[in-house]
Amino acid sequence: QVQLAESGGGSVQAGGSLRLSCAASVYSTRNHNMAWFRQAPGKEREGVAIIYRRSGRIYYVASVKGRFTISQDKAVNTLYLEMNNLKPEDTAMYYCAADPAVPLETWFRPSSFTYWGQGTQVTVSS
């Protein structure tokens with residue numbers, strides 16, 4: 001069983017920055033592909049970024065490219081999401097997700113992931 005716990009959310013003004021963290025149970029970041037998702041009120045959950053465990057390849061949804069950076073520290077089993085130049089449309093609950101096998105074609109779909117954290121709220125005001 002993989003346990004994930006997000007932190008670092010908060011309220012910021014547009015143009016501000018936040019750094020989210022996801023603490024994973026032992027060896028999870030080594031054995032699983034790790035991703036960030038978000039869900040705004042009334043909208044479907046969407047993939048934000050993923051880092052593949054074997055290749056180290058990283059992919060982002062188009063709307064965050066150049067502003068968000070996903071990274072991980074395997075020594076402490078923690079996944080990060082550095083978010084810069086935040087916009088009001090980034091307001092959402094952000095979730096950490098993990099799965100040992102994630103198809104490249106569907107990484108952005110919630111159904112591709114087995115394990116989820118409880119989420120951390122990010123609110124960006126204009």
Hits for side-chain contact (heavy atoms from CB on, under 4.5 Å) against S11, two or more places apart or cross-chain, chain-then-number order -> T123

Output for pair (N31 CG, N77 CG), nearest 0.5 Å, gives 9.0 Å

Those residues at least two apart in sequence (or on a different chain) that pass ring-ring contact (aromatic ring centres under 6.0 Å, His included) with Y80 are none

One should read off an interatomic distance between R53 CZ and K74 NZ, to the nearest 0.5 angstrom, of 9.0 Å

Residues 58-68 vs side-chain hydrogen bond (donor to acceptor under 3.5 Å, both in side chains), sequence neighbours excluded, gives R38-S63, R67-D90

Heavy-atom nearest pair, N85 first then S17, reads N-OG, 4.3 Å

A5 meets the side-chain contact (heavy atoms from CB on, under 4.5 Å) criterion, sequence neighbours left out, with none

Residues at least two apart in sequence or cross-chain that pass salt bridge (charged side-chain N to carboxylate O under 4.0 Å, His left out) with R19, listed by chain then number, are E82

Hits for side chain to side chain donor-acceptor pair (under 3.5 Å) against T69, two or more places apart or cross-chain, chain-then-number order -> none

Nearest heavy-atom contact between Y52 and L104 is OH-CA, 3.2 Å

Hits for side chain to side chain donor-acceptor pair (under 3.5 Å) against T114, two or more places apart or cross-chain, chain-then-number order -> D99

Output for pair (R45 CZ, Y95 OH), nearest 0.5 Å, gives 4.5 Å

For E89, the salt bridge (charged side-chain N to carboxylate O under 4.0 Å, His left out) test, sequence neighbours excluded, returns none

side-chain contact (heavy atoms from CB on, under 4.5 Å) filter on S111, not counting sequence neighbours, yields R109

Q) Does a side-chain heavy-atom distance below 4.5 Å link T120 with S7? A) no

Looking at S126 and P88, would you say the former's side chain and the latter's main chain have a donor-acceptor pair under 3.5 Å? no

For T78 and A23 the tightest heavy-atom approach is OG1-CA, 4.3 Å

**Prompt:** Any side-chain heavy atom of L79 sitting closer than 4.5 Å to one from L4?
**Reply:** no

d(K43 NZ, M93 CE) to nearest 0.5 Å is 15.5 Å

d(F68 CZ, L18 CG) to nearest 0.5 Å is 9.0 Å

Across all chains, not counting sequence neighbours, the side chain to side chain donor-acceptor pair (under 3.5 Å) partners of S21 are none

F37 meets the ring-ring contact (aromatic ring centres under 6.0 Å, His included) criterion, sequence neighbours left out, with F113, W116

V48 and L81 have their tightest heavy-atom pair at CG1-CD2, 4.3 Å

Fill in: Single-linkage hydrophobic cluster V64~V12, side-chain heavy atoms < 4.5 angstrom
yes

M34 and C96 have their tightest heavy-atom pair at CE-SG, 4.0 Å

Residues passing the side-chain contact (heavy atoms from CB on, under 4.5 Å) test with P41, sequence neighbours excluded, are none

In terms of heavy-atom contacts, T91 and V124 come closest through OG1-N, 2.8 Å

Q) Are V61 and L86 co-members of a hydrophobic cluster defined by side-chain heavy atoms under 4.5 Å apart? A) yes

Only one of M83, Q39, E6 passes side chain to side chain contact (heavy atoms under 4.5 Å, CB included) with Y94, and that residue is M83

